[in-house]
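Have a look at the structure below, then the notes.
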Amino acid sequence: MINEFKNYFSDIKLRGNIYLMLIWRFTLVMLIFSVCRVLFYLFNTDFFANVTLSSFLRMMAGGLWFDTSALIYTNLLYLFIYLLPFTFRYNRWVEKTLKYLYVITNSIAIGANLADIIYFRFTLRRTTSTLFSEFKHESNFGSLIPKFIADYWYIFLIWVALTAVLVIFYGKVKPIKKGKGFKYHFVYGLNGLVLMLFFATLMVGGMRGGFRHSTRPITLSNAGQYVSEPLEAAIVLNTPFAIYRTLGKKSLHKVDFYSSKEELNSIYTPVHHPQTADSLKRMNVVIFILESFGREYIGAYNTHLRDSLGYKGFTPFLDSLINHSLWYRYAFGNGRKSIDGMPSVLASIPMFVEPYFLTSYSTNKINSIASLLRSEGYHTAYFHGAPNGSMGFQAFANVAGFEEYYGMTEYNNPDDFDGMWGIWDEEFFQFFAKTINGFKQPFCAALFSVSSHHPFKIPERYQGKFPKGTLPIHQCIAYTDYSLKRFFQTASKMDWFKNTLFVITADHPNQSQFKEYQSSAGAFSVPLLFYTPNGSLAGRKEELAQQIDIMPSVLGYLNYNKPFVAFGRNLFDKESKPFVVNYTNNSYQLYMDDYVMVFDGNQTKGLYSYKSDILMKENLKDKLPDVVEKMEHFLKAVIQQYNSRMIEDKLTQVD
C-alpha cells in the first residue's frame with residue numbers, strides 16, 4: 001500500500017540544500033501534530049462544550065509552541081547529525097539510517113498523541129511521565145497494548161495512515177551535493193559550522209519557548225494562556241511535551257495517614273464554609289506582590305536589630321504605611337521562587353514538592369480570589385511589567401480567572417524597559433494606577449513588581465539617590481519602595497481609592513545580611529499587611545500568617561459567603577488556628593504556636609523554637625514529644641488533603 005502511494009507521488013520531488021530539506025521534514029511532523037490536535041478535539045468534543053471556532057483557532061496557534069518544543073526534543077539526535085558540517089551526511093547509508101531514526105521516533109511521538117485521544121477520557125489530562133511509575137510494577141503491561149489496539153482499532157489505523165504520510169513525504173525534498181576537493185570541503189565546513197550554530201540557537205529557543213532572558217522554559221502551565229477553562233489546556237498541549245516536561249520531576253503520591261474522610265476533615269480541611277449573614281462589602285481589592293521584598297529589608301519589621309546590630313531599613317514609605325495598617329510580625333512565604341508566590345497569594349495553593357507551575361497538576365481547575373470575586377460582579381485584572389508570557393504568569397492569570405492581563409505589550413513604551421526584566425517599577429506602578437482608574441467598580445487588581453531583582457539596577461536618573469546599603473539588592477528595594485510611594489500619591493487622588501482594601505506582600509526573600517534570616521525559617525520571611533484608607537485596619541499582630549492566608553482573608557473581610565477551597569485560613573476569623581506550612585530541602589516545615597517542625601514525609605526530623613532559637617540550633621524533638629505528636633498529626637492531614645485534591649483534580653470541590 002505504501003509503495004502504491006510512493007509511485008503515485010513519485011513525480012512530486014523538490015531539490016534543495018540540506019537545510020531546506022530539514023525544514024521540510026520538521027514542518028511535515030508539525031503538520032501531523034496539528035492534525036492530531038484536531039482529532040483529539042473531535043473525538044472528545046463532549047468535554048469541550050464551550051469551545052468556539054475562534055477559541056479553537058487560538059488553541060491551535062498556541063499549540064504550535066508546544067509542538068515545536070516537543071519535536072525538537074524528539075528529533076534532537078536526528079537534527080544534530082544532519083547539522084554537523086561534514087559531507088558524510090550525504091552518504092546513502094547514513095541517509096537511510098537517519099530515515100529510520102526519523103520515522104521511528106516521530107511515529108512513536110504521533111502514537112503517544114493518538115493514544116491520549118482515548119486515555120484522556122479516563123484521566124482528563126494529558127499523559128505525563130508519571131505513567132511510567134504507575135505501571136512499572138504491572139507485569140502484564142505488554143499485553144495491554146494489543147488489547148488497546150483491538151479495542152480502539154480506528155486509532156491504530158489513524159496511526160498507520162499518519163506514519164505512512166511520514167514515510168511517503170519524507171523524501172520529497174532531496175539534498176543536492178555540489179563540488180569536490182579540499183577547497184570545497186573547507187568552505188563547506190566553515191559555512192556549515194556557522195549554520196549549525198545558527199540552527200542550534202533556534203533549537204534552544206524552540207525548546208525553551210522563547211529567547212528572552214526573562215522567559216522561563218515553557219511547561220504545562222503555559223497552555224493556560226490560550227484557554228478559557230483549565231480542561232481545554234489538553235487541546236493546546238501534546239503528549240510528548242507533557243512527558244518530556246515532567247521527566248525527572250518529583251510527583252505527588254496519595255497518602256492515607258487517615259483512612260476516614262470524617263477524621264481527616266475534623267483535623268484539617270481546605271474547604272471554607274463562611275458563616276456570615278452580612279452582605280458583601282463591595283470594596284475594591286488591590287494586591288501588590290513585591291519582587292524579592294524579604295522582611296529583612298523593611299525597617300518596621302526589624303526595630304529589634306537597630307540597637308544591637310546598627311540595622312538600617314530601606315523602605316521609608318512602607319514603614320510609614322505599616323503604621324496605619326494591620327500587619328503580621330511573623331509572616332512567611334509558601335515558596336522560594338516567584339512562580340511559587342503567585343499561586344500562593346492569589347489562589348491559596350502552597351508549593352509542596354515541586355512548584356505548582358511545573359507540575360502535571362497545573363492544568364487543574366482552581367478557584368482564586370479573582371474567579372470568586374468575578375462571580376460577584378467584580379472586574380478583575382492582573383499586571384506584570386515583564387514581557388507578556390514571562391514566567392508563565394499570563395497563563396496562570398488566565399486560568400485563575402483574571403479577565404484582563406496587562407504586561408509589557410499593553411504598556412506599549414519600550415523606552416521604559418530596564419533592559420532585562422521589564423518596565424521600571426515607577427513607570428509601571430503609575431500605569432497601574434491610571435489603568436485601574438478606568439475600571440468599573442468594584443474591581444480586583446493584582447500587580448507583581450519586577451525591579452528589585454538581579455542584576456540589581458535602578459534607573460540612571462536615580463544614581464546616588466537611594467542608599468546602597470551593604471547588599472546589591474538594597475538600593476533596588478529603596479527604589480521600589482519609592483515607586484510604591486509614588487503610586488499611593490497618584491492613587492489617593494482618585495475616586496476609587498477610599499473604597500479599597502490594599503494587600504502588600506512579597507513573593508520571597510532574596511539576599512540576606514543578618515543571621516536571623518539565614519535559617520530555614522528566616523529564608524521564608526516576608527511582609528504581610530492590610531491597609532484601608534479609612535483606618536479600619538491597624539495594629540501589629542504577633543500571630544502566624546502566610547501567603548496562602550491572603551485569599552481566604554480578603555474574602556472573609558469582604559463577607560464573601562459561599563463555600564470555596566483554600567489551603568490557608570481567614571486571618572480575620574478569631575476561631576481559626578494560626579499555622580504556616582512550607583517545603584524546603586525535601587522536607588515540610590510546619591509552624592504552630594512557638595515551634596517549627598521539620599517533617600520529611602515519614603517522620604519528624606526536628607522541632608525548634610522559631611522565635612527564641614533564631615538559627616534553629618537546639619532540636620527539641622525528644623524533649624517535647626507531645627508537641628511533636630500534635631504538630632505531626634496536623635501536618636499529615638494537610639499533606640493528605642493537598643496530595644489527594646491535586647491528584648484527583650478537586651481544587652474546587654467543596655463537598
**OP:** For Gly556 and Asn570, work out which heavy atoms get closest and say how close.
**Re:** CA-ND2, 3.6 Å
Original post:
So which of Ser452, Ser451, Ser338 actually passes side chain to side chain donor-acceptor pair (under 3.5 Å) with Glu291?
Top reply: Ser338
Original post:
Are Gln546 and Phe579 side-chain neighbours, meaning at least one heavy-atom pair lies under 4.5 Å?
Top reply: yes
Original post:
In terms of the angle between their ring planes, are Phe599 and Tyr588 parallel, tilted or perpendicular, with boundaries placed at 30° and 60°?
Top reply: tilted
Subject >> No-hydrogen, no-angle side-chain donor-acceptor test under 3.5 Å, Tyr356 and Ser221 >> reply: no
Original post:
Counting only N and O atoms by type, is there a donor-acceptor contact under 3.5 Å from the side chain of His272 to the main-chain atoms of Ala566?
Top reply: yes
Subject >> Phe393 and Ile339, any side-chain heavy atoms less than 4.5 Å apart >> reply: yes
Subject >> Salt bridge present between Glu543 and Arg569 (N-O < 4.0 angstrom) >> reply: yes
Original post:
Under 4.5 Å between any side-chain heavy atoms of Met646 and Ile349, yes or no?
Top reply: yes
Original post:
For Arg295, does its backbone N or O pair with a side-chain atom of Asn302 as donor and acceptor, under 3.5 Å?
Top reply: yes
Original post:
Can you tell me how far the OG atom of Ser360 sits from the CD atom of Glu354, to the nearest 0.5 Å?
Top reply: 10.5 Å
Original post:
Any side-chain donor paired with an acceptor under 3.5 Å for Gln225 and Asn398?
Top reply: no
Original post:
Taking Gln511 for the side chain and Leu471 for the main chain, is one N or O donor matched with an acceptor at less than 3.5 Å?
Top reply: no
**OP:** Could you check whether the rings of Tyr382 and His384 sit parallel, tilted or perpendicular, using 30° and 60° as the cut-offs?
**Re:** tilted
Original post:
Is there a donor-acceptor pair closer than 3.5 Å between any side-chain N or O of Glu263 and the backbone N or O of Tyr258?
Top reply: no
Original post:
What do you reckon, is CD of Gln653 surrounded by more than 12 foreign heavy atoms closer than 6.0 Å?
Top reply: yes
Original post:
Does anything in residues 572-590 pair up under salt bridge (charged side-chain N to carboxylate O under 4.0 Å, His left out), and if so which pairs, sequence neighbours excluded?
Top reply: Lys577-Asp593
Original post:
Is there a donor-acceptor pair closer than 3.5 Å between any side-chain N or O of Asn367 and the backbone N or O of Val565?
Top reply: yes
**OP:** Might you work through the side chain to side chain contact (heavy atoms under 4.5 Å, CB included) test for Met616 and Val596, ending with a clear yes or no?
**Re:** CA-CA 9 Å; Met616 298 169 62; Val596 54; 3.9 Å; yes
**OP:** Looking only at non-hydrogen atoms, find the nearest pair between Pro527 and Ala331 and report the distance.
**Re:** C-CB, 4.3 Å
**OP:** Might you confirm whether atom NZ of Lys611 has over 12 heavy atoms from other residues, nucleotides or ligands at distances under 6.0 Å?
**Re:** yes
**OP:** Fit a plane to each ring of Tyr610 and Tyr591, take the angle between them on a 0 to 90° scale, and name the class: parallel (under 30°), tilted (30 to 60°) or perpendicular (over 60°).
**Re:** perpendicular
Subject >> For Phe567, ring-ring contact (aromatic ring centres under 6.0 Å, His included) partners two or more places apart >> reply: Tyr642
Original post:
Rounded to the nearest 0.5 Å, how far does NZ of Lys623 lie from CD of Glu618?
Top reply: 4.0 Å
Original post:
With a 4.5 Å limit on heavy-atom distance, are the side chains of Ile473 and Tyr297 in contact?
Top reply: yes
Original post:
Nearest 0.5 Å, what's the CZ-CE distance between Phe634 and Met592?
Top reply: 5.5 Å
Original post:
Are the side chains of His304 and Glu516 in touch, meaning some heavy atoms are under 4.5 Å apart?
Top reply: yes
Subject >> Chi angles and distances behind the side chain to side chain contact (heavy atoms under 4.5 Å, CB included) call for Val554, Phe530 >> reply: CA-CA 9 Å; Val554 169; Phe530 298 88; 4.3 Å; yes
Original post:
Between CG of Leu528 and CD of Gln547, what distance do you get to the nearest 0.5 Å?
Top reply: 8.5 Å
Original post:
So, Asn334 side chain and Val581 main chain: donor-acceptor pair closer than 3.5 Å or not?
Top reply: yes
**OP:** Could I get the full list of side-chain contact (heavy atoms from CB on, under 4.5 Å) partners for Ala400, not counting sequence neighbours?
**Re:** Ile366, Ser368, Phe396, Phe402
Original post:
Looking at residues at least two apart in the chain, or sitting in another chain, which of them share a salt bridge (charged side-chain N to carboxylate O under 4.0 Å, His left out) with Lys261?
Top reply: none
**OP:** Carefully, step by step, assess Asp340 and Asn582 under the rule side chain to side chain contact (heavy atoms under 4.5 Å, CB included).
**Re:** CA-CA 11 Å; Asp340 299 330; Asn582 46 49; over 6 Å; no
Original post:
Got a sec, which residues hit side-chain contact (heavy atoms from CB on, under 4.5 Å) with Asn602, two or more places apart in sequence or on another chain?
Top reply: Asp600
**OP:** Please name the residue in the list Asp116, Asp67, Asn113 that meets the side chain to side chain donor-acceptor pair (under 3.5 Å) test with Asn238.
**Re:** Asp67
Subject >> Parallel, tilted or perpendicular: rings of Phe241 and Phe66 (30°, 60°) >> reply: perpendicular
**OP:** Keeping the roles fixed (side chain from Ser348, backbone from Gly568), state whether a donor-acceptor pair exists under 3.5 Å.
**Re:** yes
**OP:** Compare all side-chain heavy atoms of Ser69 with those of Ile218 and state whether any distance is below 4.5 angstrom.
**Re:** yes
**OP:** Measure the acute angle between the ring planes of Trp421 and His453, then classify it against the limits of 30° and 60° as parallel, tilted or perpendicular.
**Re:** tilted
**OP:** Would you please name every residue forming a side-chain contact (heavy atoms from CB on, under 4.5 Å) with Gln641, sequence neighbours left out?
**Re:** Leu264, Asn265, Tyr268, Thr269, Pro270, Arg645
Subject >> Residue pair Met351 / Ser344: nearest heavy atoms and the distance that separates them >> reply: N-OG, 4.4 Å
Subject >> Gap separating the CH2 atom of Trp327 from the CG atom of Leu529, nearest 0.5 angstrom >> reply: 9.5 Å
Original post:
Minimum heavy-atom separation for Gly601 to Phe257, with atom names?
Top reply: O-CZ, 3.7 Å
Original post:
Just by distance, do the side chain of Glu296 and the backbone of Phe514 share a donor-acceptor pair under 3.5 Å?
Top reply: yes
Original post:
Quick one: are Val580 and Tyr330 in side-chain contact, heavy atoms under 4.5 Å?
Top reply: no
**OP:** Check for a donor-acceptor pair, side chain of Ser553 on one end and backbone N or O of Leu571 on the other, with a separation under 3.5 Å.
**Re:** yes
**OP:** Please check if the side chain of Arg329 supplies one atom and the backbone of Arg540 the other of a donor-acceptor pair under 3.5 Å.
**Re:** no
**OP:** Go through the steps for Ile235 and Val227 under the test side chain to side chain contact (heavy atoms under 4.5 Å, CB included), then give the verdict.
**Re:** CA-CA 9 Å; Ile235 301 175; Val227 303; over 6 Å; no
Subject >> Minimal non-hydrogen separation, Ile267 against Ala637, with atom names >> reply: CG2-CB, 3.7 Å
Subject >> Least distance between heavy atoms, Gly606 atom then Lys621 atom >> reply: N-CD, 4.1 Å
Original post:
Is there side-chain contact between Leu290 and Val526, with heavy atoms separated by less than 4.5 Å?
Top reply: no
Original post:
Nearest 0.5 Å, what's the CG-CD1 distance between Leu372 and Ile369?
Top reply: 8.5 Å
